[in-house]
Enquirer: 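Take a look at this one; I'll ask things after.
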Amino acid sequence: MTMEKFRMMHSLLIEHYQYIEHHLEGVYALLCGKSFYEGLEEVETSNIKRLIQEIKRMEREKSVSIISAADYEKLEDIRKRRNFWCHNCYIDMVVDVKTGNPKKVEFINKLIADMRDAEQLRESLFQAKITNMKILQ
């Protein structure tokens, strides 16, 4: 894989992570008991860990299940992977000195697998948000 392709895929992965956060903010806004826009403003600067905790708390309080247990597990895993891809991937990457491209196949495979997982979770959270928007509004 060329460095250019790696950067494009990495950028797409970060896009998926941003949409996952955006969908979590939407779920929070649905559950918070305020207007949707007030709810969004409330978590505008929250980190993803706090957002997940708050959604879990509100689901318990309201006796509803917006996000499945399986998706919560994926969220925790993706939260950790997101930190790696946002803060360490270029530092930890081994580059082929001759080509300037990522050298380790495992590293590239990790990017591809993480992108697939993030894409699936992004879609799952979007569907959960849309489905419950009709119920909770």
Enquirer: Would you please test V95 and K103 for side-chain contact (heavy atoms from CB on, under 4.5 Å) and show each step?
Expert: CA-CA 5 Å; V95 177; K103 188 173 185 175; 6.0 Å; no
Enquirer: Taking all non-hydrogen atoms of both residues, which atom of H23 and which atom of R122 are closest, and how far apart?
Expert: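 For H23 and R122, the tightest heavy-atom pair comes out as CD2-O, 3.5 Å.
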Enquirer: What's the separation between atom CG in D92 and atom NZ in K104, rounded to the nearest 0.5 Å?
Expert: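 If we round to the nearest 0.5 Å, D92:CG and K104:NZ are 10.0 Å apart.
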Enquirer: Quick check against the 3.5 Å criterion: does D96 have a side-chain atom that pairs as donor or acceptor with the backbone of P102?
Expert: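 Such a contact is absent between D96 side chain and P102 backbone.
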Enquirer: Taking the six-membered ring where the residue is Trp, are the ring centres of Y28 and F36 under 6.0 Å apart?
Expert: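 Not under 6.0 Å, so no.
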Enquirer: Does the side chain of I66 come within less than 4.5 Å of L30's, by heavy atoms?
Expert: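 Answer no - side chains too far apart.
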Enquirer: Let me confirm one number: the NZ-CD1 distance from K80 to I48, rounded to the nearest 0.5 Å.
Expert: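 So the NZ of K80 and the CD1 of I48 are separated by 13.0 Å.
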Enquirer: Should E41 and K34 be marked as a side-chain contact (heavy atoms from CB on, under 4.5 Å) after you check the CA-CA gap, both sets of side-chain angles, and the distance that decides it?
Expert: CA-CA 11 Å; E41 286 179 348; K34 301 176 182 176; over 6 Å; no
Enquirer: Could you verify whether a donor N or O on one side chain and an acceptor N or O on the other, from S124 and D71, lie under 3.5 Å apart?
Expert: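 Yes, side-chain donor-acceptor contact under 3.5 Å.
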Enquirer: How many angstroms lie between OG in S11 and CZ in F6, if you round to the nearest 0.5 Å?
Expert: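 The OG atom of S11 sits 11.0 Å away from the CZ atom of F6.
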Enquirer: Within a 6.0 Å radius of atom CE on M3, are there more than 12 heavy atoms belonging to other residues, nucleotides or ligands?
Expert: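 Yes, enclosed.
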Enquirer: Using every non-hydrogen atom in the two residues, find where I78 and A118 come nearest and quote the distance to one decimal.
Expert: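 Taking every non-hydrogen atom into account, CD1-CA, 3.8 Å.
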Enquirer: Any heavy-atom pair between the side chains of E15 and L12 that's under 4.5 Å?
Expert: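 Yes, their side chains come closer than 4.5 Å.
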Enquirer: Are there more than 12 heavy atoms of other residues, nucleotides or ligands under 6.0 Å from atom CZ of F107?
Expert: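 Buried by this count: over 12 neighbours within 6.0 Å.
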Enquirer: For M1 versus I112, what's the shortest heavy-atom pair and its separation?
Expert: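 Where M1 meets I112 most closely, the heavy atoms are CE-CD1, 4.5 Å.
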Enquirer: Mind checking whether Y19 and Y17 sit in one hydrophobic cluster, side chains of I, L, V, M, F, W, Y counted as touching below 4.5 Å?
Expert: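 Y19 and Y17: separate clusters.
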Enquirer: Got a sec: does the CD of E61 have more than 12 other heavy atoms crowding it under 6.0 Å?
Expert: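 Yes, CD of E61 has more than 12 neighbouring heavy atoms, counting only those of other groups under 6.0 Å.
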Enquirer: Under a 4.0 Å threshold between the charged nitrogen and the carboxylate oxygen, would E76 count as salt-bridged to R79?
Expert: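 Salt bridge flag = yes for E76 with R79.
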Enquirer: Indicate yes or no: at least one non-hydrogen side-chain atom of K5 is less than 4.5 angstrom from one of T2.
Expert: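 A side-chain contact under 4.5 Å exists here.
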Enquirer: If you measure only the distance, is there a donor-acceptor pair under 3.5 Å linking the side chains of Y72 and E59?
Expert: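 A pair is found: one side chain offers a donor N or O, the other an acceptor, under 3.5 Å apart.
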Enquirer: Starting at NZ of K49, measure out to CG of N83 and round the result to the nearest 0.5 Å.
Expert: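 Here the interatomic distance stands at 10.0 Å.
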Enquirer: Test side-chain contact (heavy atoms from CB on, under 4.5 Å) on L24 and I67; report intermediate values, then the result.
Expert: CA-CA 9 Å; L24 288 172; I67 300 173; 3.7 Å; yes
Enquirer: According to a hydrophobic-cluster definition based on side-chain heavy atoms being under 4.5 Å apart (Ile, Leu, Val, Met, Phe, Trp, Tyr only), do M9 and F84 belong together?
Expert: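 Hydrophobic grouping puts M9 with F84.
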Enquirer: Is the side chain of H10 donor-acceptor paired with the backbone N or O of W85 at a distance under 3.5 Å, no angle test?
Expert: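 Flag set: sc H10 to bb W85 pair under 3.5 Å.
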Enquirer: Starting from the C-alpha separation in whole Å, work towards a yes-or-no answer on salt bridge (Lys or Arg N to Asp or Glu O under 4.0 Å) for R81 and D77.
Expert: CA-CA 6 Å; R81 289 190 268 166; D77 190 40; 2.7 Å; yes
Enquirer: Would you name the heavy atoms of E21 and S46 that are closest together and state the gap between them?
Expert: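 Nearest heavy atoms, E21 then S46: OE2-O, 4.3 Å.
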Enquirer: Any salt bridge linking E54 with R57? Criterion: basic side-chain nitrogen under 4.0 Å from a carboxylate oxygen.
Expert: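 Yes, this pair counts.
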Enquirer: Considering all heavy atoms of both residues, which atom of K62 and which atom of L31 are nearest to each other, and what is their separation?
Expert: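 That closest heavy-atom pairing would be CE-O, 2.5 Å.
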Enquirer: Looking only at atom types and distance, does a side-chain atom of N47 sit under 3.5 Å from a main-chain N or O of R50, one as donor and one as acceptor?
Expert: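 Here the side-chain-to-backbone pair exists.
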Enquirer: Hey, does the side chain of T131 reach the backbone of Q127 with a donor-acceptor pair shorter than 3.5 angstrom?
Expert: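 Side chain of T131 to backbone of Q127, a donor-acceptor pair under 3.5 Å: yes, one is there.
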Enquirer: Locate the shortest heavy-atom distance separating G39 from C32; write the atom from each residue and the value.
Expert: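 So the minimum-distance heavy-atom pair works out to CA-SG, 3.6 Å.
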Enquirer: Judged by atom type as modelled, is there a donor-acceptor pair below 3.5 Å linking the side chain of K74 to the main-chain atoms of D117?
Expert: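 It does not hold such a pair.
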Enquirer: V64, M58: one ILVMFWY side-chain cluster at the under-4.5 Å cut-off?
Expert: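 Linked within one cluster.
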Enquirer: Please assess L125 against L75 for the test side-chain contact (heavy atoms from CB on, under 4.5 Å), listing each intermediate value before the final yes or no.
Expert: CA-CA 10 Å; L125 290 174; L75 275 168; 4.1 Å; yes
